[in-house]
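Below: one structure, written as structure tokens.
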Amino acid sequence: MGRRKEPQTREEIQIEMAHAQDEIRKLKNQEKLYTNAYAKEERKLRTRRLCREAGLLEHFVPELKTMSEQEAAVFIEAAATSQEAQEFLRKRGTSHDETDTDSTSDEN
């Protein structure tokens, strides 16, 4: 396929500009479609992860099924902030406190 002929007249230039603007519009719409599809997939993955983790939590603490949301939150907070949980997180290297300390020291 040969090289495209350069527009010569003002009308040809205007037509080419209109074609280019149409192409830009199409590409922007395509970008939106891909962005939306990506966000939808991210939401699906997050939902699966949350369901899996909540299922594990209910498996080990079946009483959560009968607790109110507030009771469950208090229980989970107590469990997550227990000495054993904090030690586990420290050994794993993902403690929330360490993350806060690291980000604060990086800013200074």
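It should be emphasised that the depicted structure is a prediction, and the values quoted were computed from it without experimental measurement.
- Taking NZ from K28 and OG1 from T35, the interatomic distance works out to 13.0 Å, rounded to the nearest 0.5 Å.
- Heavy atoms only, all atoms of each residue included: E71 and S68 are closest at OE1-N, 2.9 Å.
- Between R46 and E42 there is no salt bridge, since no side-chain N of the basic residue sits under 4.0 Å from a carboxylate O of the acidic one.
- I13 CD1 to E6 CD: the interatomic distance, rounded to the nearest 0.5 Å, is 9.0 Å.
- Taken to the nearest 0.5 Å, the CD atom of E84 stands 11.5 Å off from the CG atom of L89.
- Remark: E77 CD is loosely packed, at most 12 non-hydrogen atoms of other residues, nucleotides or ligands lying under 6.0 Å away.
- Distance check, rounded to the nearest 0.5 Å: CG of L27 to CG of D22 gives 11.0 Å.
- Between the E63 side chain and the E58 main chain, no donor and acceptor come within less than 3.5 Å of each other.
- Closest of all the heavy-atom pairs between Q8 and E12 is N-OE1, 2.5 Å.
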Task: Derivation and outcome, side-chain contact (heavy atoms from CB on, under 4.5 Å), residues R49 and E53 - done: CA-CA 6 Å; R49 179 179 51 80; E53 292 171 359; 3.3 Å; yes
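- Within 6.0 Å of the CD atom in Q70, the count of heavy atoms belonging to other residues, nucleotides or ligands does not exceed 12.
- Grouping the Ile, Leu, Val, Met, Phe, Trp and Tyr side chains by contacts below 4.5 angstrom, directly or via other members, places M67 with I76.
- Here the shortest heavy-atom pairing between A85 and A79 reads CB-O, 3.2 Å.
- The distance from atom CD of E31 to atom CG of N36, rounded to the nearest 0.5 Å, is 10.5 Å.
- Atom-to-atom distance recorded for L57:CG and F75:CZ is 7.0 Å, nearest 0.5 angstrom.
- For E87 and R90, the salt-bridge test passes: some basic side-chain N is under 4.0 Å from an acidic carboxylate O.
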TODO: Let me see the working for M17 and Q14 under side-chain contact (heavy atoms from CB on, under 4.5 Å), right down to the final yes or no.
DONE: CA-CA 5 Å; M17 280 179 44; Q14 287 175 330; 5.5 Å; no
